[in-house]
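Structure first, commentary second.
Numbered from 1 within each chain, the chains take letters A, B, ... in sequence-line order.
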Amino acid sequence: MSSFDEHEAFEAAVPLSRRAMAARPAPYLDDLNPAQRAAVETLDGPVLMLAGAGTGKTKALTARIAHLLTSGRARPNEILAVTFTNKAAREMKDRVGRMLGETVEGMPWMGTFHAISVKILRRHAELAGLKPNFTILDTDDQLRLLKQLILAADIDEKRWPARMLAGLIDGWKNRALTPARVPSAEAGAWNNRGTELYEQYQARLRTLNAVDFGDLLLHVVTIFQAHPDVLAQYQRWFRYILVDEYQDTNVAQYLWLRLLAQSHHNICCVGDDDQSIYGWRGAEVGNILRFETDFPGAKVIRLEQNYRSTPHILAAASGVIAANSDRLGKTLWTRAQGGEKVRLIGHWDAEEEARWIGEEAVRLNDGSHVSAKRRMNTRSITRTQEEERRAKNNLPPLETAISNGDAFSDIHSRQLLNSETADIHRPGGGHNSSQGFSLDEIAILVRASHQMRAFEDRFLTIGLPYRVIGGPRFYERLEVRDAMAYFRLAVSPDDDLAFERVVNTPKRGLGDKAQQAIQVLARANGLSLHEAARMLLAEGGLAGKGAGQLRAFVQGIDRWYAATQRPGYSHIELAEQVLDESGYTGMWQNDKTPEAPGRLENLKELVKALEGFENLQGFLEHIALIMDNSSEDAAEKVSIMTLHAAKGLEFPVVFLPGWEDGLFPSQRSMDESGKKGLEEERRLAYVGLTRAEELATVSFAANRRVYGQWQSALPSRFIDELPEAHVEVLTPPGLYGGGYGAAGMASSIETRAMKADVYNSPGWKRMQDRAASRPVTQPRETRELVINATALSSFAMGDRAFHDKFGYGTVVGIEGDKLDIAFDKAGIKKIVARFVRSAQAAGDVPF
DNA sequence: AAGGCGATGTTTTTT
DNA sequence: ACATCGCCTT
């Protein structure tokens, strides 16, 4: 499993497949534009691919890999391709495979910075004072460890919180600073004891044979720096280096890359300085801005042709980002024509904003069961866009499709074959009932996650299906982490952090006192907690019912460990056994709180995830780095997520709510980082706008509840930066209780009367002007939302019903189109009937 | 040892 | 408003 073995295995396996590939023509080069093509064919020396939003960056990157392979320049194991997320890595693997028409026998060095670092570090662990089987701690373990150290150092955690220290240490690690290298100017950090605690923390990690995420990179960098021979080996192996999202690299990652690229300089970094939005967690825009100085002779290739958005959307995004000063500068353009202007609308408060967006989503969705294909016929598209779409959905290539006479065998498709663009306008600029957007094509992008609540509340009542992207990750959930701790104990009984976590979960009557006794014994005798607990029992140092419980716990660990040692044990059975015998499953079964069933479900899911691995060890080794929120759910839903989470995604319809000064740009960002902070916020606005393919709607609310207090706000300064020619100001229909132009805004001004600048705010003035110069739009004809037209008539008192969010329940009241439903797990709720299915239709298994 | 109550701090998030 | 956390009570 070591990187060496894998690497060497490829030496033998590759020549064959390379021959096979070399014989093939290079079709992937044909549909690249000149800039993409240059980026693909410039193989030697440093290359910076500045790829604006929607310019086919991933395509160029994957084509470059394909080109390296087919041209015989490199074997799969000689390419180091680094991404930030597992998702990006997976996507790249898939696309390279698809491009070459065969699965390249793996690319062992394609992965995240962290995953690749783990591979390297396992092989050279001893150079970092670790054993090769070190464990990777997550932020939770990290925090608990720090708390212990703070306690031991007799520091008041109230005044000097562990979280702050963790942030400090992470920051140092992001900058590749070992305790010894922390600049003296920062020695005063954390009450003068920051570096001291950092040092202790690192020592403690070493004894635990553990690393945190930051260490993965830091250790590799330190090893490379201290052991030129090791570095030289990797430099020889990685003949070509590719880096995605380079604008997001931190100092440690930059050094990591620079060390590896030092000898041959064959490094290609792809990124967009305008999309750097992770400065707050250590990303250095400077890395990409400095590329040409860092790598002399670098070729900079700009990808500026956008295949994603309409001209209005592009112009609006460009207008906003133009206000930033630290830019390399790009000008996005498109061949696409037509499309709607970016819409701008003000609301009285966040609830109204959510209501309006909900109605809009429903209106746009109307006719959702018309296939996307049919709608595409009336859309302005480019050939590349269409081909990308086909690739994404595993559809046959355009040529095939047309000869087969599928939905695209119309005049527009032929047009697409003959020219690069087919400009097909949606009639009237609007949608009629026969060509709605799928809910999957609609996204709401917010600045801060607390904004999501208004949307969830609203969508729940109107029953609009939605999904929240991001949020707590599967493996971060309490129950999953507890279960993992049990698995860790089964695999390595001496894992003290895991022991601590679950020794009293479920409650075993082992409180502070008992745990202290174990700790003391462990420290005095240099034992693990597991061993110390055994000793404590032998000595009879524990009285009462705790003793029996602890004995069962210790013996359980022994038994589970023994099971893992038996050759050919079933790790899935063992996992179930562990959760069962420990009483952990029982704990949740007895729990009557509404979240208990969900937690049990997650545990089931966790056990199911084990199937993909050969044994528990393998699972645990990879889990920290690889597991994600996958449970993909096929049902059509509107997506709600933060702007950060939206990077890299695209949607035909995008709503951008909450554009108010203080919220977006975030006050805190500006306070803490000044102009730099503001510019990062502006990039966030740019990211948001450029997610939209066809329709973007910016909105703001005059009033919003912030920490329980009503506060009014002014339209975001970014609204001023939207170029007027590309924006349509919607006057909200009176139907919805008035928007910015109605009484709503007027009273918001009254509430802010103390602020003299209100009437003079450029954003406000411009809003007034725009509104005045346009006739008031008639209230839209609001179509009845019919998602489940039969629902109304089909429910009677006492019927069983199913709701996406609340699960199963019984109808206990009917009131017009609203049902009172007593949910099994969530209590009684009033739900709009069309969003409830009958229990039979939903099937028997909840969720 | 465990449940209740007041102080507290509230962007963004990956690995 | 709201959730989390540590302390305090039982």
Side-chain angles (χ1 to χ4, degrees), chain A residues 82-89 111-118 136-140 142-143 147 151 156-159 161-164 167 170 173-174 211-218 245 248-250 252-253 276-283 350 445-454 457 469-473 475-476 478 504 506-516 544-546 549 622-629 641-648 658 662-673 677 680-681 683-685 687-688 704-711:
Chain A
V82 208
T83 63
F84 274 84
T85 64
N86 292 308
K87 193 174 155 217
T112 63
F113 275 102
H114 296 266
I116 292 169
S117 294
V118 171
I136 303 163
L137 303 188
D138 55 37
T139 33
D140 214 74
Q142 188 187 3
L143 218 56
K147 279 186 181 159
L151 196 71
D156 180 10
E157 217 228 293
K158 266 270 153 71
R159 286 189 34 151
R163 290 192 65 87
M164 188 196 270
D170 277 346
K173 288 185 177 178
N174 284 339
V211 298
D212 63 21
F213 287 122
D215 280 338
L216 291 174
L217 288 146
L218 178 61
E245 307 279 15
D248 287 338
T249 49
N250 60 34
Q253 286 155 341
S276 163
I277 54 174
Y278 286 108
W280 51 273
R281 66 177 199 212
L445 312 182
V446 299
R447 175 62 183 86
S449 45
H450 64 75
Q451 287 174 263
M452 293 180 183
R453 236 199 97 167
D457 284 353
I469 311 269
R473 261 142 243 310
Y475 61 83
E476 276 170 6
L478 179 84
N504 201 27
K507 304 267 180 258
R508 296 193 173 86
L510 299 167
D512 265 3
K513 228 181 97 216
Q515 291 189 46
Q516 284 296 323
K545 53 179 189 267
Q549 296 256 36
H622 286 98
I623 204 76
L625 294 175
I626 279 166
M627 193 132 171
D628 52 25
N629 265 358
M641 69 191 92
T642 63
L643 287 162
H644 284 90
K647 198 174 76 159
L663 177 63
F664 187 43
S666 131
Q667 192 56 51
R668 189 157 162 185
S669 206
M670 294 186 291
D671 290 347
E672 281 174 10
S673 317
E680 184 155 311
E681 295 286 309
R683 291 193 290 266
L684 215 37
V687 167
R704 192 177 287 275
R705 236 184 318 212
V706 184
Y707 308 140
Q709 295 294 119
W710 279 100
Q711 285 197 298

Practice problem: Let me know the distance between CG of D457(A) and P of dA1(C), rounded to the nearest Å. | Solution: 14 Å

Exercise. Looking at every strand, decide which applies to D138(A) at a 4.0 Å heavy-atom threshold: base, sugar-phosphate, or nothing.
Key: nothing

Practice problem: Identify whether any heavy atom of L217(A) sits under 4.0 Å from a base atom; if not, whether one sits that close to sugar-phosphate; answer base, sugar-phosphate or nothing. | Solution: nothing

Exercise. For each nucleotide in nucleotides 6-14 of chain B, reading 5' to 3', give B when a protein heavy atom comes within less than 4.0 Å of its base, S when such contact involves only the sugar-phosphate, and - otherwise.
Key: ----BBBBB

Exercise. Count the heavy atoms belonging to other residues, nucleotides or ligands that lie under 6.0 Å from CG of D512(A), then report whether that count exceeds 12.
Key: no

Quiz item: Looking for any heavy atom pair under 4.0 Å, which part of the strands does K147(A) touch: base, sugar-phosphate only, or nothing?
Solution: sugar-phosphate

Quiz item: Is the backbone N or O of D212(A) less than 3.5 Å from a side-chain atom of D215(A), with the two atoms forming a donor-acceptor pair by type?
Solution: yes

Quiz prompt | Euclidean distance, Q142(A) CD relative to I136(A) CD1, rounded to 0.5 Å | solution = 13.0 Å

Quiz item: Within the structure shown, what part of the strands sits under 4.0 Å from R508(A) by heavy-atom distance: base, sugar-phosphate, or nothing?
Solution: nothing

Exercise. Pick base, sugar-phosphate or nothing for N504(A), based on heavy-atom distances below 4.0 Å to the nucleic acid.
Key: sugar-phosphate

Self-check item: Any E245(A) side-chain heavy atom under 4.5 Å of Y278(A) side chain
Solution: no

Practice problem: Working to the nearest 0.5 Å, report the span between CD of Q451(A) and CZ of R704(A). | Solution: 5.0 Å

Quiz item: Within a strict 4.5 Å, meaning less than it, do heavy atoms of the L684(A) and I277(A) side chains meet?
Solution: yes

Exercise. Answer yes or no: does a side-chain N or O of R705(A) lie under 4.0 Å from OP1 or OP2 of dC2(C)?
Key: no

